[in-house]
Amino acid sequence: MHKILKFENAEARIFGFDGGTEVEEFQVVISITNPMLAYQAQLEAMLAAFSQLQQTELRGAEPVFKRYFLSDASNQADVLMNYELESPDCAVSIVQQAPLNGTKIALWAYLATKMQRRALPGSLYEARHGQYRHLWLAGACNSAKDSERQTRIILNDYVMQLANEGCSLADNCIRTWFFVNEVDLNYGGVVKARNEVFITQNLTDKTHFIASTGIGGRQANAQVLSQMDAYAIDGIGQAQIHYLYAPSHLNRTSDYGVSFERGTYIDYGDRRHVFISGTASINNKGEIMHQGDVVAQCRRMWENVETLLAEAGCTYDDAAQMIVYLRDPADYQIVKKLFEERFPDRPWVIVHAKVCRPGWLIEMETMAIKAQKTDFPIF
């Protein structure tokens with residue numbers, strides 16, 4: 001199911017999946033349509049649209065994970081959290097990555113039916129169904145001296161949180177997002193810390209890494225140089241987890257000193273989940289393609305993502321959501337036109353965020369879901 005619904009001062013793009021078993025899933029992107037409103041009014045319009053969706057199209061579905069994209073986190077995040085603290089059973093991520101339609105806030109939300117949700121000790125949130133516990137982490141951060149130390153603390157704390165739940169980084173973590181304040185300056189420290197912590201957790205180019213996005217973004221606190229969201233699954237077996245490489249189009253990230261997988265997919269008894277990492281205009285030698293041409297970079301990016309999806313037995317028809325990152329806001333109108341033409345009814349949002357290499361003008365990530373039948377327990 002794909003729909004675009006209009007509300008007062010807001011628009012919602014919805015993807016729904018019903019595989020005929022208990023759990024229905026929804027990916028929703030809500031954007032504000034009136035940039036002339038003050039922030040408080042934009043926030044209230046967004047929350048009203050989300051509430052109406054839960055009463056109508058998404059009746060019975062509860063949020064499992066939310067990410068808010070803000071234009072000025074220092075002045076906006078506290079107001080937002082005052083509302084979100086009223087429903088504390090969902091992981092809530094807040095990042096300053098301005099929506100490029102000229103508004104102050106946008107929302108990506110993942111919802112599901114028949115999930116039992118609760119906050120766990122520490123910072124994890126659990127959504128449980130059957131034998132699986134889906135563990136979400138949002139906004140992990142600290143104020144250590146530099147981005148390397150901050151990232152090292154974040155990851156070491158996360159390893160301990162997973163251990164407390166009987167999980168490990170290598171066996172259970174499926175997806176991470178790193179938001180790096182002043183990414184051109186601080187990404188190197190994030191990479192160094194991640195590489196070194198991963199080695200201690202038996203995550204190497206000979207074993208596997210974790211699907212990830214490392215992108216520019218900041219928190220309300222300017223001292224936070226690195227923050228992380230993450231997703232892990234308890235109750236999953238290694239035979240259910242597969243890694244994506246697309247060697248005709250992409251190289252291993254370890255070839256240029258970083259440590260993440262291009263994509264990962266998970267097989268359940270009734271569906272397949274695909275997580276495509278942040279992907280840009282790159283070839284299988286690790287070279288930036290189409291320097292300075294955002295249109296050509298966008299098309300190569302699409303081709304790379306399409307190849308990864310194909311390796312997971314999927315196409316763009318299975319894409320449930322897309323987040324698009326632009327280095328230069330001046331490229332918004334042409335990129336918006338390209339996405340409207342190719343993906344007119346999909347949930348996507350375009351935000352301002354510097355990609356980790358200055359030559360990359362655009363990056364995207366996506367999640368996909370496809371019905372299937374296997375001998376694994378259902379989702």
Side-chain angles (χ1 to χ4, degrees), residues 135 137 140 147-149 151-163 165-178 180 187-215 226 228-268 272-280 282-288 304-305 307-314 356-357 363 365-368 374 376:
L135 306 175
L137 175 73
S147 63
E148 179 185 343
R149 297 183 203 190
T151 304
R152 194 182 308 278
I153 292 170
I154 289 169
L155 285 170
N156 286 331
D157 285 350
Y158 184 51
V159 167
M160 293 303 298
Q161 288 175 311
L162 290 176
E165 300 300 324
C167 298
S168 70
L169 199 64
D171 292 340
N172 302 97
C173 186
I174 304 300
R175 185 72 164 88
T176 62
W177 293 262
F178 288 92
V180 187
Y187 185 64
V190 174
V191 168
K192 185 174 187 294
R194 180 172 59 183
N195 288 350
E196 292 176 357
V197 171
F198 276 12
I199 289 172
T200 71
Q201 301 301 307
N202 197 33
L203 290 164
T204 72
D205 59 354
K206 300 296 190 294
T207 58
H208 68 85
F209 295 123
I210 297 167
S212 189
T213 298
I215 199 78
S226 174
M228 185 183 80
D229 296 346
Y231 170 54
I233 311 169
D234 183 26
I236 201 163
Q238 291 308 298
Q240 295 174 255
I241 307 172
H242 307 267
Y243 302 100
L244 301 171
Y245 303 102
S248 62
H249 285 64
L250 300 161
N251 65 337
R252 295 294 302 274
T253 62
S254 55
D255 291 351
Y256 52 92
V258 293
S259 49
F260 67 93
E261 295 293 355
R262 298 295 186 183
T264 302
Y265 70 89
I266 312 299
D267 280 335
Y268 299 97
R272 172 173 291 176
H273 280 180
V274 185
F275 301 87
I276 304 298
S277 299
T279 302
I282 189 173
N283 65 15
N284 62 2
K285 297 178 182 178
E287 300 165 336
I288 298 172
N304 288 346
V305 171
T307 306
L308 288 165
L309 288 170
E311 194 172 305
C314 295
C356 61
R357 282 201 224 175
E363 180 172 303
E365 62 182 66
T366 188
M367 295 183 185
T374 72
F376 299 119

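- When each of Q201, M228, E196, M160 is tested with L155 by the rule side chain to side chain contact (heavy atoms under 4.5 Å, CB included), just one qualifies, namely M228.
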side-chain contact (heavy atoms from CB on, under 4.5 Å) evaluation trace for N172 with L135
CA-CA 9 Å; N172 302 97; L135 306 175; over 6 Å; no
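- Side-chain N or O atoms of Q240 include one that pairs as donor or acceptor with a backbone N or O of D267 at under 3.5 Å.
- Atoms CZ and CD1, from R357 and I288 in turn, are 5.0 Å apart once rounded to the nearest 0.5 Å.
- Atom CD1 of I266 is separated from atom CD1 of I233 by 4.5 Å, given to the nearest 0.5 angstrom.
- Residue L244 comes nearest to T264 through the heavy atom pair CD1-N, 4.0 Å, listed as atom of the first residue, atom of the second, then distance.
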Give the intermediate values and the outcome of side-chain contact (heavy atoms from CB on, under 4.5 Å) for residues F376 and I236.
CA-CA 9 Å; F376 299 119; I236 201 163; over 6 Å; no
CA sep, side-chain torsions, deciding dist, call: E287, I282, side-chain contact (heavy atoms from CB on, under 4.5 Å)
CA-CA 5 Å; E287 300 165 336; I282 189 173; 5.9 Å; no
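- Closest heavy-atom contact between V274 and A312: CG2-CB, 3.9 Å.
- Taking every heavy atom of both residues into account, W177 and A230 meet most closely at CE3-N, 4.2 Å.
- The CD atom of E363 lies 9.0 Å from the OG atom of S277; values are rounded to the nearest 0.5 Å.
- From I276, atom CD1 reaches atom OH of Y265 across 11.0 Å, with rounding to the nearest 0.5 Å.
- Note on ring orientation: taking the six-membered ring where Trp is involved, the planes of Y268 and H273 are perpendicular (angle over 60°, cut-offs 30° and 60°).
- For the side chain to side chain donor-acceptor pair (under 3.5 Å) with Y243, the qualifying choice from E261, R262, H208 is H208, the only one to do so.
- Under a 3.5 Å cut-off, the side chain of S147 and the backbone N or O of S226 do not form any donor-acceptor pair.
- Using a 4.5 Å heavy-atom threshold, the side chains of T176 and F260 count as separate.
- Looking at Y256 and N251, their side chains come closer than 4.5 Å, going by heavy atoms from C-beta outward.
- Contact between G214 and Y187 at its shortest, heavy atoms only, is CA-CE1, 4.2 Å.
- Atom-to-atom distance recorded for L137:CG and D229:CG is 6.5 Å, nearest 0.5 angstrom.
- E311 places a side-chain N or O within donor-acceptor distance of the main-chain N or O of Y245, the cut-off being under 3.5 Å.
- For the pair T207 (side chain) and N202 (backbone), a donor-acceptor distance under 3.5 Å is present.
- A distance of 11.0 Å separates OG in S248 from CG in N283, rounded to the nearest 0.5 Å.
- Listed for the D255 side chain is no donor-acceptor partner under 3.5 Å among the backbone atoms of K285.
- Scanning both residues, T307 and A246, for their nearest heavy atoms gives CG2-CB, 3.7 Å.
- Residue pairs satisfying the salt bridge (charged side-chain N to carboxylate O under 4.0 Å, His left out) criterion with at least one member in residues 169-178, sequence neighbours excluded, are listed as follows: R175-E365.
- Using modelled atom types, one side-chain atom of N195 and one backbone atom of G257 make a donor-acceptor pair closer than 3.5 Å.
- Nearest heavy atom pair, residue R194 against residue T151, reads N-CG2, 4.4 Å.
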